[in-house]
Amino acid sequence: MKSNVAVATTIQERKRKMSQQIQEKYEESHLYKIRHSAAHVMAQAVLEMFPEAKYTIGPPVENGFYYDFDLPRNLTPEDLEKIEKRMRQIVQGKHEFKKTVLSAEEAKKIFADQPYKIELIEGLEQGGFDEYGNPLKEKPEISIYQHDSFTDLCRGPHVESTKEIKPDAFKLMNVAGAYWRGDENNKMLQRIYGTAWENAQQLKDYLHQLEEAKKRDHRKLGKELEIFIFDDEVGPGLPLWLPNGGIIIEELEKLAKEMEEKAGYQRVRTPVVSKEDLFLHSGHLPYYAESMYPPMELEGVKYYVKPMNCPMHHKIFGSKLRSYRDLPIRLAEYGTCYRYEKSGELFGLMRVRSMQMNDAHMYVTEEQFEQEFLAVIDLYLKYFDLFGIEKYVMRFSKHSKAGLGKKYVDNERLWNKTEEMVRRAMINGDVPFVEVEDEAAFYGPKIDVQIWSVIGREFSLATNQVDFAQPARFDLKYTNKDGQEEMPLCIHRAPLSTHERMVGFLLEHYAGNFPVWLSPEQVRVIPITDGQNEYAEKITAQLRENGIRCHADLSAQRMNAKIRSAQLMKVPYMLVVGDNEMKAGQVSLRARDGSQQNNIPLGDFIARARDRIARRAAEL
RNA sequence: GCCGACGUAGCUCAAUCGGCAGAGCACCCGCCUUGUAAGCGGGCGGUUACGAGUUCGAUUCUCGUCGUCGGCUCCA
């Protein structure tokens, strides 16, 4: 504990580097002011269109801004065009932004017919809450900003005048529903999203970047590369893995098994359904029922499809007497789980209803916890290194006091204790992380690894969770040195996420250009004329003999067309064989990146491919 | 689940004002024997997501259901 203070400082510095600094820098930037000001201009245009509109909040966000309105009717795409047009007129008026600090009373007078603003003012007045409803430490000053005919409750900052918002450097993107204060029990407002930049070129670049991102969207690539499909009759969120997807999954499992075997895991297998009793016992039903498929009833007994593997693994741990000498016990399973995610939450492979988790549960003594927890983090980092994943944030998800007994098991002492254990482990391991309230699992705190899909949506990829609740509920125990019974802690972990989310993420991460070891088809042999078909088949057989996934393209197409189709399927190696190659027992290699190496002995190519596959190398 | 948009051949997309549903690719059949991203010709392919309604007539207009997408909420 004594050295933690020094380490914590380092961590804090790194943390700030990772996110806070970026955040603070953005908030002070000119771009931030432009976006914030553009939001005000948009609100003015909307209020001119709907004088009876109630306006709420309109902050800058990454790449732009939004503003939420309570309007008499739904906005149409045509409305957006009109609003955008009016905004261009307004900004060209070169109106100054003027700040005025005033009392709550004065502010309430100004916004007398704006109930949302009144609510915001009251929040500020009580020193309690900011515009998102989050608690504030200090009582903030109340200020308004005015430009042209528009006045908004706002703490700023803004640009000097609307002339800094270039009429050709912003664009309204879309309308979406959003709950007031983000609470689904509140009224749904209409949110207009816009993007704004310093100049027209930046806007153009951003829009181009969006187009590019669409090309590597895993839903598009998954279809093009024949990885997976969804079928209406099978159901939403239930992917069907095509042969190519099946291969990727097999490779990921092979990787996981290798790594886990080295790390001392044991593999188990458990059923997909179980009696209701198990989930009552585990505590899932009181806390998690909403996300579970409803039960099926047979001969008077209710059965549930499992949303998680943990209760089954706990049963295995509890199936015999355990000694402290046996711990840690690490039970691993690529378990198939089903969760009834709400229809609007589904998102390609990234958010599905059937999933195969890279799951494991380790049962540890309190003394073993830190080392074991860090060993898991270390495993993550090994995987990320292998995949070249660099953009992620480790998020330490904690409970909230208000959620105790509702979202979280009601034992504040253990929450605080285990959260401190996680924090200490991360600090001692010198792993950078950010802390977030009210994001924990119902049974304990966790470290989530946050990543972003190519269109910018945030997901938890891997997860490393502490569970102090279920071991108690299942009465799990081991015998310690003194012959007394003690309860182990449980660590849930899924460094390779689920197959679904992992493959979805990797598709986007690699833009479909999987490294050789993950590529469904590693080699395509392309005979130039049908005179080399037999040779092509011979080569194919030989490659397969060497454990290389390979097909020969014997279609009646031109070589150029064959190359094109292999290229479109992002096959890493194309072996072009004509008469010359056939006579010499050679191949001409064209790699996916367009590079060429002509007339190389087949054995040389096999050695190269085998090397890349064995090392799971990134390079071709 | 909520707000909004969308749903045409296996895929990508057309179809003017409500007037016989079309193209490219893919697939099948031929011809061509070819050197690093599409050779040529022909053929097959549709209850316009599904179900109602309005109309002489609906891919087109209205309503409902299902699904997808953009967000919100929620999450591996």
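Each chain gets a letter, A, B and so on, in the order its sequence line appears, and its residues count up from 1.
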With distance as the sole criterion, is a donor-acceptor pair present between the side chains of A:Asp70 and A:Gln190 under 3.5 Å?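 Note: A:Asp70 and A:Gln190 side chains miss the donor-acceptor criterion.
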Let's test this: given Watson-Crick or G-U wobble pairing with both distances under 3.5 Å, identify the partner of [N].
{"N": "B:rU47", "value": "none"}
{"N": "B:rU60", "value": "none"}
{"N": "B:rA23", "value": "B:rU12"}
{"N": "B:rC40", "value": "B:rG30"}
{"N": "B:rC72", "value": "B:rG1"}
{"N": "B:rG67", "value": "B:rC6"}

If only side-chain N and O atoms of [X] are considered, is one of them under 4.0 Å from the OP1 or OP2 phosphate oxygen of [N]?
{"X": "A:Ser343", "N": "B:rG1", "result": "yes"}
{"X": "A:Tyr193", "N": "B:rC72", "result": "yes"}
{"X": "A:Lys214", "N": "B:rC69", "result": "no"}
{"X": "A:Arg558", "N": "B:rA37", "result": "no"}
{"X": "A:Lys187", "N": "B:rC3", "result": "no"}

Sugar-phosphate only, base, or nothing, as touched by [X] at under 4.0 Å among non-hydrogen atoms:
{"X": "A:Asp359", "result": "nothing"}
{"X": "A:Gly182", "result": "sugar-phosphate"}
{"X": "A:Leu568", "result": "base"}
{"X": "A:Ala178", "result": "sugar-phosphate"}
{"X": "A:Arg219", "result": "sugar-phosphate"}
{"X": "A:Lys446", "result": "sugar-phosphate"}
{"X": "A:Asp579", "result": "base"}

Show your working on side chain to side chain donor-acceptor pair (under 3.5 Å) between A:Tyr340 and A:Glu290 and close with a plain yes or no. CA-CA 7 Å; A:Tyr340 195 82; A:Glu290 247 186 44; over 6 Å; no
Nearest to side-chain heavy atoms of [X], which nucleotide of [options]:
{"X": "A:Phe347", "options": "B:rG70, B:rA38, B:rC75", "value": "B:rG70"}
{"X": "A:Ile528", "options": "B:rG67, B:rU34, B:rG39", "value": "B:rU34"}
{"X": "A:Asn74", "options": "B:rU36, B:rG4, B:rA76", "value": "B:rG4"}
{"X": "A:Ala556", "options": "B:rU36, B:rG71, B:rC32", "value": "B:rC32"}
{"X": "A:Lys223", "options": "B:rA76, B:rG4, B:rC11", "value": "B:rC11"}
{"X": "A:Thr529", "options": "B:rU73, B:rA76, B:rU34", "value": "B:rU34"}

Of A:Glu341 and A:Gly237, the one whose closest RNA chain B nucleotide lies more 5':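 Looking at RNA chain B, the more 5' nearest nucleotide goes with A:Gly237.
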Hey, which sits more toward the 5' end of RNA chain B by its nearest nucleotide, A:Glu184 or A:Gln465?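 Mapping each residue to its closest nucleotide by heavy atoms, the 5'-most match is A:Glu184.
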How far does the [atom1] atom of [N] sit from the matching atom of [M], given to the nearest Å?
{"N": "B:rA38", "M": "B:rG45", "atom1": "P", "result": "30 Å"}
{"N": "B:rG53", "M": "B:rC75", "atom1": "C1'", "result": "41 Å"}
{"N": "B:rG39", "M": "B:rA26", "atom1": "P", "result": "9 Å"}
{"N": "B:rA14", "M": "B:rA9", "atom1": "C1'", "result": "13 Å"}
{"N": "B:rC44", "M": "B:rC29", "atom1": "P", "result": "15 Å"}
{"N": "B:rA76", "M": "B:rG24", "atom1": "P", "result": "49 Å"}

Is it the case that over 12 heavy atoms from other parts of the model lie below 6.0 angstrom from the CD atom of A:Glu458? yes
Count the heavy atoms belonging to other residues, nucleotides or ligands that lie under 6.0 Å from NZ of A:Lys538, then report whether that count exceeds 12.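 Open: at most 12 neighbouring heavy atoms sit under 6.0 Å from NZ of A:Lys538.
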When only distance counts, do a donor and an acceptor, one from the side chain of [X] and one from the base of [N], lie under 3.5 Å apart?
{"X": "A:Ser497", "N": "B:rA76", "result": "no"}
{"X": "A:Arg501", "N": "B:rC75", "result": "yes"}
{"X": "A:Asp530", "N": "B:rU33", "result": "yes"}
{"X": "A:Tyr179", "N": "B:rG1", "result": "yes"}
{"X": "A:Arg191", "N": "B:rC72", "result": "no"}
{"X": "A:Glu581", "N": "B:rG35", "result": "yes"}

Start with the C-alpha gap between A:Phe459 and A:Phe347, add the side-chain angles, then the distance that decides, and say whether ring-ring contact (aromatic ring centres under 6.0 Å, His included) holds. CA-CA 11 Å; A:Phe459 289 94; A:Phe347 179 74; 5.7 Å; yes
Using a strict 4.0 Å threshold on nitrogen-to-oxygen distance, state whether A:Glu345 and A:Arg351 make a salt bridge.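 Result for this pair is yes, salt bridge flagged.
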Would A:Arg191 count as a cation-pi partner of A:Tyr66, with NZ or CZ less than 6.0 Å from the six-membered ring centre and within 45° of the ring normal? yes
Cation over ring face, A:Lys391 and A:Trp452, 6.0 Å, 45°: yes
